[in-house]
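Notes follow the structure.
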Amino acid sequence: MNVVFYISAAVAVASTVMVITRLNAVHALLYLIVSLLAVAVVFFVLGAPFVAALEVIIYAGAIMVMFVFVIMMLNLGPHATREERAMLSPGIWIGPGILGLILAGELVYVLAAGGGAAGAVTVTPKEVGIALYGPYLVGVELASLLLTGGLVGAYHLGRRESPQDTKGDKT
Amino acid sequence: MIAAIPVQHGLILASALFALGLVGLLVRRNIIFMLLSIEIMLNAAGLAFVVAAARWDQPDGQVMFLLILTMAAAEVSVGLALVLQLNHRFKTLDSDAASTMKG
């Protein structure tokens with residue numbers, strides 16, 4: 001089962017290298033999603049299935065969808081359709097597809113080997129929840145405060161300014 | 001039971017991912033790529049916490065990863081709002097366009 005760790009570590013490093021060398025932001029996002037999925041496999045092998053699920057759902061799901069939305073909002077214009085046509089060509093998908101297939105093969109292997117986490121000891125979601133709402137309760141409260149601050153900040157920064165605000169000094 | 005993965009190898013992976021994110025942050029000037037690199041670095045830091053949690057079989061490291069996840073979500077929402085403002089004002093995503101302060 002150790003080989004699953006090393007293969008997914010190699011996939012993570014390779015796709016991260018591809019992220020920081022791409023010129024197109026959407027291509028980089030595709031590779032970053034593969035990288036996050038590979039790190040999720042690493043978490044699973046290390047005996048942290050709860051965190052692996054959260055990595056897929058929140059990082060590779062929600063946060064990446066937010067990036068895709070913003071890139072879509074920025075790319076309004078005539079070259080957006082050209083971009084779209086380029087995205088439909090199969091060449092772009094080969095790299096992330098191969099790396100994703102490696103991860104899918106690992107998934108099949110782990111399921112065939114019994115389905116459980118591979119590490120020496122698995123820390124179950126129940127233990128994490130007990131720790132989260134026991135000694136780390138203040139941390140949960142601070143996290144909720146941080147999310148509220150993020151919500152207010154994003155709303156404040158993201159609103160469309162009126163024309164006299166951009167001319168004058170007052171905001 | 002299969003032997004567990006050595007903690008050094010997990011930390012090597014975490015530091016490699018962190019270094020890649022740092023290189024991306026320093027090299028790229030497109031602000032979207034800089035945000036992506038920050039995400040990579042935060043994820044690598046979380047990976048180090050989970051490796052440590054697996055080493056001592058304690059849930060504390062996973063709790064820290066959850067807090068990092070929350071922080072990354074808040075950070076990326078504010079950061080993407082800043083990206084929209086930058087694109088609205090300077091019509092570019094180059095972070096050097098906003099290098100001068102008003103004052």
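In what follows, every chain begins at residue 1, and chains take the letters A, B, ... in the order their sequences are listed. Note that these values count all heavy atoms, side chains included, but never hydrogens, waters or copies made by symmetry.
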Heavy-atom distances under 4.5 Å only: say whether [X] touches chain A with side chain, backbone, both or neither.
{"X": "B:Leu36", "answer": "both"}
{"X": "B:Val27", "answer": "neither"}
{"X": "B:Leu20", "answer": "both"}
{"X": "B:Ser37", "answer": "side chain"}
{"X": "B:Ile32", "answer": "both"}
{"X": "B:Leu26", "answer": "neither"}
{"X": "B:Leu35", "answer": "both"}

Using a cut-off of under 4.5 Å on heavy-atom pairs, state which of [options] scores highest against chain A.
{"options": "B:Gly79, B:Ala44, B:Ala74, B:Gly10", "answer": "B:Ala74"}
{"options": "B:Val83, B:Leu69, B:Val78, B:Leu82", "answer": "B:Leu69"}
{"options": "B:Ile40, B:Leu67, B:Val23", "answer": "B:Ile40"}

Which atom pair, heavy atoms only, marks the closest approach of [X] to [Y]?
{"X": "B:Gly24", "Y": "A:Ile20", "result": "CA-CG2, 3.8 Å"}
{"X": "A:Ala131", "Y": "B:Val63", "result": "CB-CG2, 4.0 Å"}
{"X": "A:Glu55", "Y": "B:Asn43", "result": "OE2-OD1, 3.1 Å"}
{"X": "A:Ala25", "Y": "B:Phe33", "result": "CA-CZ, 3.7 Å"}
{"X": "B:Ala16", "Y": "A:Val13", "result": "CB-CG2, 4.5 Å"}
{"X": "A:Ala48", "Y": "B:Val50", "result": "CB-CG1, 3.9 Å"}

Quick check on [X] against chain B: is it the side chain, the backbone, both or neither that has a heavy atom closer than 4.5 Å?
{"X": "A:Ile58", "answer": "side chain"}
{"X": "A:Val39", "answer": "side chain"}
{"X": "A:Tyr155", "answer": "neither"}
{"X": "A:Thr21", "answer": "backbone"}
{"X": "A:Val152", "answer": "neither"}
{"X": "A:Leu146", "answer": "both"}

Single-linkage hydrophobic cluster [X]~[Y], side-chain heavy atoms < 4.5 angstrom:
{"X": "A:Tyr6", "Y": "A:Ile102", "answer": "yes"}
{"X": "A:Leu99", "Y": "A:Tyr109", "answer": "yes"}
{"X": "B:Leu66", "Y": "A:Tyr133", "answer": "yes"}
{"X": "B:Met34", "Y": "A:Met73", "answer": "yes"}
{"X": "A:Val128", "Y": "B:Trp56", "answer": "no"}

Rounded at 0.5 Å granularity, tell me how far [atom1] in [X] sits from [atom2] in [Y].
{"X": "A:Tyr136", "Y": "B:Asp60", "atom1": "OH", "atom2": "CG", "result": "3.5 Å"}
{"X": "B:His9", "Y": "A:Phe5", "atom1": "NE2", "atom2": "CZ", "result": "8.0 Å"}
{"X": "A:Arg22", "Y": "B:Arg28", "atom1": "CZ", "atom2": "CZ", "result": "9.0 Å"}
{"X": "B:Ser77", "Y": "A:Ile63", "atom1": "OG", "atom2": "CD1", "result": "9.0 Å"}
{"X": "A:Leu46", "Y": "B:Arg55", "atom1": "CG", "atom2": "CZ", "result": "13.0 Å"}
{"X": "B:Glu39", "Y": "A:Met64", "atom1": "CD", "atom2": "CE", "result": "5.5 Å"}

Test item: A:Phe69 and B:Leu80 side chains (from C-beta on) under 4.5 Å apart, heavy atoms: no

When A:Ser35, A:Ala143, A:Ala10, A:Gly153 are compared by non-hydrogen pairs under 4.5 Å with chain B, the top option: A:Ala143

Parallel, tilted or perpendicular: ring planes of B:Phe65 versus A:Tyr59, cut at 30 and 60 degrees: tilted

Side chain B:Gln85, main chain A:Leu157, donor-acceptor under 3.5 Å: yes

